[in-house]
Q: 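Sharing a structure here in structure tokens format.
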Number of protein chains: 2
Amino acid sequence: MKKTVFIFSALIIALLSLFQLSQYAVISGDLKIEIAIAFSAIVCFFVGVYISKKNATHQPILTKKIDTHKLKELEITTREYAVLKQISEGLSNKEIGEKLFVSESTVKTHVSNLLAKLQAKRRTEALKIAKQLQII
Amino acid sequence: MKKTVFIFSALIIALLSLFQLSQYAVISGDLKIEIAIAFSAIVCFFVGVYISKKNATHQPILTKKIDTHKLKELEITTREYAVLKQISEGLSNKEIGEKLFVSESTVKTHVSNLLAKLQAKRRTEALKIAKQLQII
DNA sequence: TTAGCGCTCATACTAAAGTACCAAAACCCA
DNA sequence: TGGGTTTTGGTACTTTAGTATGAGCGCTAA
């Protein structure tokens, strides 16, 4: 954001000085003022496009924000969600248990509840649905 | 693209007519020509940003292209890849078999080979790796 | 024409995954 | 402090997933 403001300011200054330079031409009647305006407008347009692109690539637009609202809507608890994330990492129930410091039984319980809440038959299907819901 | 050209043309026309309107003010000496230019520049800048954003959201920049090169590198066959895509859809081996018109045994064979080639222990892990490799 | 590869399928396992049901701590909140 | 929810864990069982191995068929390049 700071960057944008800076570039924006520089842009205006550049334009005003550009105008000062072209003023001589305007006075002499060779260069029409419309052209000067159109030129500056075109330049600014492309600068706008450029800046927007820059910002877009810097912070990937499709950094899918996690839809916390949907998590509550589906009544997915904290622990269940933690398990879901580990599933998306390709871990087995046992591995998830080790990572979250609980038994495999507990993980199975969470997974089972998760599948019911996501209306999935398998963990792979749960992953697909979760992605569609922007949950992961 | 056509849209962009259209908007761009409309923009220039609008600016020129804007200038025509403001010309009276310029002649009367109340409104300085610098302000007119700066104003048009600012408008064009934001229009550029807006259009760029529109384009970005319309056709997602991060439409991950499938890395066919990597598929060959990993020696993943046509059929195996078809199975992989079905796995990402959350289907079971049996369901995949029905969809591809082969037996569950065949699907199992493909999955097994797939896991070996992707160096995964489970299908969920295979999904994760495949995504990292931009294969799906 | 034969060796190699891809695709198919089967059997027989072992290993995970998932279900159902129960139950006891732990936690939060009114 | 009682009550609902979450988290945890267990047993017992069914269903998928995954491995290993072998084998037949069709295509293709040497």
Side-chain angles (χ1 to χ4, degrees), chain A residues 66-133 135-136, chain B residues 66-133 135-136:
Chain A
I66 291 157
D67 194 340
T68 50
H69 178 69
K70 231 156 219 159
L71 280 176
K72 283 173 192 165
E73 203 174 295
L74 293 169
E75 295 179 308
I76 292 175
T77 67
T78 313
R79 229 38 184 158
E80 284 163 1
Y81 183 62
V83 169
L84 178 61
K85 280 197 290 187
Q86 295 306 315
I87 288 177
S88 75
E89 290 299 312
L91 301 187
S92 70
N93 289 338
K94 184 185 279 185
E95 287 168 341
I96 294 173
E98 287 165 2
K99 203 157 190 178
L100 300 183
F101 304 107
V102 294
S103 76
E104 193 187 338
S105 297
T106 306
V107 177
K108 281 189 178 186
T109 306
H110 289 322
V111 171
S112 218
N113 293 332
L114 216 39
L115 294 183
K117 288 174 183 176
L118 289 174
Q119 298 185 62
K121 298 196 203 92
R122 283 162 290 281
R123 44 172 59 205
T124 46
E125 196 184 355
L127 284 181
K128 184 201 160 199
I129 294 173
K131 264 162 208 154
Q132 284 179 340
L133 296 177
I135 285 177
I136 52 174
Chain B
I66 290 157
D67 195 340
T68 50
H69 179 67
K70 231 156 219 157
L71 280 176
K72 285 173 190 164
E73 203 175 295
L74 293 169
E75 296 178 308
I76 292 176
T77 68
T78 312
R79 229 37 184 157
E80 283 162 1
Y81 183 62
V83 169
L84 178 60
K85 280 197 292 188
Q86 296 306 316
I87 289 176
S88 76
E89 290 299 312
L91 300 187
S92 70
N93 289 338
K94 184 185 279 184
E95 288 168 340
I96 295 173
E98 286 165 2
K99 203 158 191 178
L100 301 184
F101 303 108
V102 293
S103 76
E104 193 187 338
S105 297
T106 306
V107 177
K108 281 189 177 185
T109 306
H110 288 322
V111 171
S112 217
N113 293 332
L114 215 39
L115 294 183
K117 288 174 183 176
L118 288 174
Q119 297 184 62
K121 299 195 203 93
R122 282 162 292 281
R123 48 174 52 206
T124 46
E125 195 184 358
L127 283 181
K128 183 201 162 199
I129 294 173
K131 261 160 210 158
Q132 283 179 341
L133 297 177
I135 286 177
I136 53 174

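It should be emphasised that the depicted structure is a prediction, and the values quoted were computed from it without experimental measurement. Lettering follows sequence order; numbering is per chain, from 1.
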Q: Can you tell me if the side-chain N/O atoms of H110(B) get under 4.0 Å from OP1 or OP2 in dT8(C)?
A: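 The answer is yes; a side-chain N or O of H110(B) sits under 4.0 Å from OP1 or OP2.
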
Q: Which of the following nucleotides, dG18(D), dT8(D), dC7(C), is nearest to the side chain of R122(B)?
A: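 Shortest atom-to-atom distance from the side chain points to dG18(D).
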
Q: Output the rounded distance in Å from NZ (K117(A)) to P (dT19(C)).
A: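 Checked: the NZ to P distance equals 14 Å.
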
Q: When the distance from CD of Q86(B) to P of dT16(D) is rounded to whole Å, what number comes out?
A: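 Result: 18 Å.
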
Q: Looking at S103(B), does any N or O in its side chain come under 4.0 Å of the phosphate oxygens OP1/OP2 on dA10(C)?
A: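 Answer is yes, contact under 4.0 Å.
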
Q: Has the side chain of E125(A) got a donor or acceptor atom that lies under 3.5 Å from a matching backbone atom of K121(A)?
A: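 Yes, E125(A) side chain to K121(A) backbone: donor-acceptor pair under 3.5 Å.
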
Q: Side-chain N or O of T106(A) versus OP1/OP2 of dT8(D): is the shortest distance under 4.0 Å?
A: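 So the side-chain polar atoms of T106(A) never come under 4.0 Å of the phosphate oxygens OP1 or OP2 of dT8(D).
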
Q: Five pairs per end, C1' atoms only: what is the angle between the end axes of the helix from dT1(C)-dA30(D) to dA30(C)-dT1(D), to 10 degrees?
A: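 That helix has its two terminal axes inclined by roughly 50°.
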
Q: Side-chain contact test, heavy atoms from C-beta onward, threshold under 4.5 Å: evaluate it for T77(A) versus N113(A) and give yes or no.
A: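 Of all side-chain heavy-atom pairs linking N113(A) with T77(A), none is under 4.5 Å.
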
Q: Among dA17(D), dG9(D), dT19(C), which nucleotide has an atom closest to any side-chain atom of S105(A)?
A: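 The answer is dG9(D).
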
Q: From the options L127(A), V107(A), I136(A), select the one residue that forms a side-chain contact (heavy atoms from CB on, under 4.5 Å) with I87(A).
A: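 Of all the options given, the one that passes is L127(A).
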
Q: Which whole-number value in Å describes the distance from L84(B) CG to dC7(C) C1'?
A: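 Atom-to-atom, L84(B) to dC7(C), this comes out as 17 Å.
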
Q: Hey, which sits more toward the 5' end of DNA chain C by its nearest nucleotide, N113(A) or N113(B)?
A: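 In this pair, the answer is N113(B).
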
Q: Taking all atoms of both residues into account, what is the closest heavy-atom pair of A130(A) and L84(A), and its distance?
A: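 Heavy atoms only, the tightest pair is CB-CD2, 4.1 Å.
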
Q: Within the pair N93(B) and dA17(D), is there a side-chain N or O less than 4.0 Å away from OP1 or OP2?
A: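 True: N93(B) side-chain N/O within range (under 4.0 Å) of dA17(D) OP1/OP2.
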
Q: Rounded to the Å, how far apart are R123(A) CZ and dA15(C) C1'?
A: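 Those two atoms, CZ and C1', are 13 Å apart.
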
Q: Could you check K108(B) against E75(B) and say which one's nearest nucleotide on DNA chain C is further toward the 5' end?
A: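 On the 5' side of the pair lies E75(B).
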
Q: Starting from C1' on dG18(D), measure out to CD on E104(B) and report it in whole angstrom.
A: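 One finds 11 Å between C1' of dG18(D) and CD of E104(B), rounded.
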
Q: Can a side chain N or O of S112(B) be found less than 4.0 Å away from OP1 or OP2 on dT19(D)?
A: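 True: S112(B) side-chain N/O within range (under 4.0 Å) of dT19(D) OP1/OP2.
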
Q: Could you tell me if T109(A) and S112(A) have a donor-acceptor pair between their side chains, going purely by distance under 3.5 Å?
A: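 Judged by distance alone, the side chains do not pair up.
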
Q: Specify the separation, in whole Å, of atom CZ of F101(B) and atom P of dC7(C).
A: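 F101(B) atom CZ is separated from dC7(C) atom P by 17 Å.
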
Q: Between L71(A) and Y81(A), what is the shortest heavy-atom contact and its length?
A: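 L71(A) and Y81(A) have their closest heavy atoms at CD2-CD1, 3.7 Å.
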
Q: For T78(A), report the nucleic acid contact type (base, sugar-phosphate, nothing); a contact means any heavy atom under 4.0 Å.
A: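 The residue T78(A) makes sugar-phosphate contact but no base contact.
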
Q: Tell me the interatomic distance from E80(B), atom CD, to dC5(C), atom C1', rounded to whole angstroms.
A: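 Computing the E80(B):CD to dC5(C):C1' distance gives 11 Å.
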
Q: If you check the L115(A) side chain, which of dG9(D), dT19(C), dT8(C) turns out closest?
A: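 Looking only at heavy atoms from C-beta outward on L115(A), the closest nucleotide is dT19(C).
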
Q: What's the CG-P distance between L127(B) and dA17(C), to the nearest Å?
A: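 My rounded result for the distance is 13 Å.
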
Q: Looking only at the side chain of R79(B) (C-beta and beyond, no hydrogens), which of the listed nucleotides dT6(D), dT8(D), dT8(C) gets closest?
A: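 Looking only at heavy atoms from C-beta outward on R79(B), the closest nucleotide is dT8(C).
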
Q: Using the salt bridge (charged side-chain N to carboxylate O under 4.0 Å, His left out) rule, pick out the option among E75(A), E80(A), E73(A) that qualifies with K117(A).
A: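 Checked E75(A), E80(A), E73(A) against K117(A); only one passes salt bridge (charged side-chain N to carboxylate O under 4.0 Å, His left out): E80(A).
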
Q: Which pair of heavy atoms, one from R122(B) and one from L115(B), lies closest together, and at what distance?
A: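 In this case the closest contact between R122(B) and L115(B) is O-CD2, 3.4 Å.
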
